[in-house]
Amino acid sequence: MAARVGAPAPAPTARPGITLPNQTLYINNLNDKISKQVLRSELYVLCSQFGGVLDVVALKTGKMRGQAFVVFQQLTAASVALQKLQGFEFYGKPMRTAFCRTKSDVIAKEDGTFVPKQKRKTESHVPAYKQPNKKQMVESQAEAQPEGDQDMQEETNQPINKILFLERLPDEINVEMLQTLFKQFPGLAEVRMVPGKTGIAFVEFESDAQAATARDTLQGFKLTPTNTLRITYAKKN
DNA sequence: AGCACA
């Protein structure tokens, strides 16, 4: 019963005001005098410099005006765009960028988690972006129980560690991109790549729990159509 | 301020 002076224990995940990385960028404070068509195409070209854009959704109806959703093909692109476009002067107003709270339909349709209209609001309290994607689950389970390969098992059964081991990275990726990607999670300490070794990297957090959050969110993420991120805990020395 | 997609 010791007095707790204004220090509410924060839940490790999903704190209010903090949105986890999402492939879709949420933009607001947009000039609502711009037509939907112009807004869509202008945002499309503006955002394409950071990577492939799958869709731009802009509604002018009611509470949705002045906002837009830009769906990126890759999370890294959304991440970079979020930072580079923060406060960007667009038709006379600085845009505000954030990660979208939910998964876009285009993405959900792609990974098989799409739920048609009605059931949405009623069903789950867990936002779509936090729900595991079926393909990814199948994949990681297949990897967690490899048929007969003991080396694999040793690798995946590492105890929790504040250092993450990343595999299947695209060749084009670099430390900056990984920092951008992981900086969104609290507690990032360092990103290391290994000279001469492509496809892998180490990402260190300040605590095991912080590393675990990042791992859970980004596990199985499609960095490119052919690079599905794989994250395990690094071996302890 | 406001987190949609039919």
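Note on naming: letters A, B, ... go to the chains in the order of the sequence lines (proteins, then strands), and numbering restarts at 1 for each one.
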Closest contact, heavy atoms only, A:P94 versus A:G87:
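Closest heavy-atom pair between A:P94 and A:G87: CB-O, 3.5 Å.
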Nearest whole Å is fine: how far is [N] [atom2] from [X] [atom1]?
X: A:L25; N: B:dA4; atom1: CG; atom2: C1'; answer: 14 Å
X: A:K103; N: B:dA4; atom1: NZ; atom2: P; answer: 16 Å
X: A:R96; N: B:dC3; atom1: CZ; atom2: P; answer: 16 Å

Checking A:K109 against A:F114: charged group under 6.0 Å from the ring centre and within 45 degrees of the axis?
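Judged by the rule, A:K109 and A:F114 form a cation-pi pair.
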Mind listing the residues from residues 45-76 of chain A sitting with a heavy atom below 4.0 Å of DNA chain B? Number order is fine.
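Listed by number, they are A:V57, A:K63, A:M64, A:R65, A:Q67, A:F69.
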Any residue in residues 26-42 of chain A with a heavy atom nearer than 4.0 angstrom to DNA chain B? Just list them by number, or reply none.
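Only A:Y26, A:N28, A:N29 qualify.
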Pairwise distance NZ(A:K60) to CD1(A:I34) - rounded to 0.5 angstrom
7.5 Å
For A:R192, run the side chain to side chain contact (heavy atoms under 4.5 Å, CB included) check against A:L178, A:V175, A:I163 and tell me which one passes.
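Among the candidates, only A:I163 passes.
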Please assess A:N227 against A:L169 for the test side-chain contact (heavy atoms from CB on, under 4.5 Å), listing each intermediate value before the final yes or no.
CA-CA 6 Å; A:N227 294 87; A:L169 297 168; 5.7 Å; no
I'd like to know whether the aromatic ring centres of A:F72 and A:F50 sit less than 6.0 Å apart in this structure.
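Ring-ring flag for A:F72/A:F50: false, centres at least 6.0 Å apart.
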Suppose we call two aromatic rings close when their centres sit under 6.0 Å apart. Are A:F69 and A:Y26 close by that rule?
yes
Might you work through the side-chain hydrogen bond (donor to acceptor under 3.5 Å, both in side chains) test for A:Q210 and A:S207, ending with a clear yes or no?
CA-CA 5 Å; A:Q210 290 168 331; A:S207 76; 3.3 Å; yes
